[in-house]
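What follows is a short report on a single structure.
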Amino acid sequence: MSGNGRKRIWRHRFEPARLVLGAALIGVAVMYVAKATGRGDVPLPLLFALLPAALVAAALVAMAAMAARRARRGGRDLAPGPSGPPEEHEQEAVSRTDGRSAGPGAR
């Protein structure tokens with residue numbers, strides 16, 4: 001996409017909480033497999049405690065990411081405008097089934 005003057009279109013928003021949860025659950029799974037095969041001495045109560053700990057860590061990361069996104073927006077979507085409550089986004093999300101990108105001029 002270099003040189004043609006078009007903006008890069010992001011298909012999905014980055015979700016750091018999913019990354020943290022996935023990494024934590026992979027770690028729990030590796031410890032469980034190590035215990036099941038006899039290669040590691042991991043207490044079973046620790047394995048049961050790590051699952052809720054992974055969920056709590058993902059929730060904290062999700063809240064931090066949400067706070068960072070709100071701070072980056074600067075509250076422009078949260079404050080009511082001169083005509084009342086905040087308006088919806090000007091441009092709707094466009095979904096295509098033909099495999100083409102739904103860019104800014106896709107309407």
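Values reported hereafter were calculated over all heavy atoms of this structure, with side chains retained and with hydrogens, waters and symmetry mates removed.
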Using atom types as modelled, flag every donor-acceptor pair under 3.5 Å from a side chain in residues 12-37 to any protein atom, sequence neighbours excluded.
{"from": "R13", "atom 1": "NE", "to": "E15", "atom 2": "OE2", "distance (Å)": "3.3"}
{"from": "R13", "atom 1": "NH2", "to": "E15", "atom 2": "OE2", "distance (Å)": "3.4"}
{"from": "K35", "atom 1": "NZ", "to": "V42", "atom 2": "O", "distance (Å)": "3.4"}
{"from": "T37", "atom 1": "OG1", "to": "V33", "atom 2": "O", "distance (Å)": "2.9"}
{"from": "T37", "atom 1": "OG1", "to": "A34", "atom 2": "O", "distance (Å)": "3.3"}

With sequence neighbours left out, what residues match R39 under side chain to side chain donor-acceptor pair (under 3.5 Å)? none
Hydrophobic clusters here meaning ILVMFWY residues chained together by side-chain heavy-atom distances under 4.5 Å, can you tell me if F48 and L51 are in one? no
If you link ILVMFWY side chains whenever their heavy atoms are less than 4.5 Å apart, which other residues fall into the same cluster as M63? By chain and number, please. V56, L60
Taking a hydrophobic cluster as the set of Ile, Leu, Val, Met, Phe, Trp and Tyr residues connected by side-chain heavy atoms closer than 4.5 Å, whether directly or through intermediates, do L44 and L50 fall within one such cluster? yes
Counterpart residues, side-chain contact (heavy atoms from CB on, under 4.5 Å), relative to P52 (two or more places apart): none
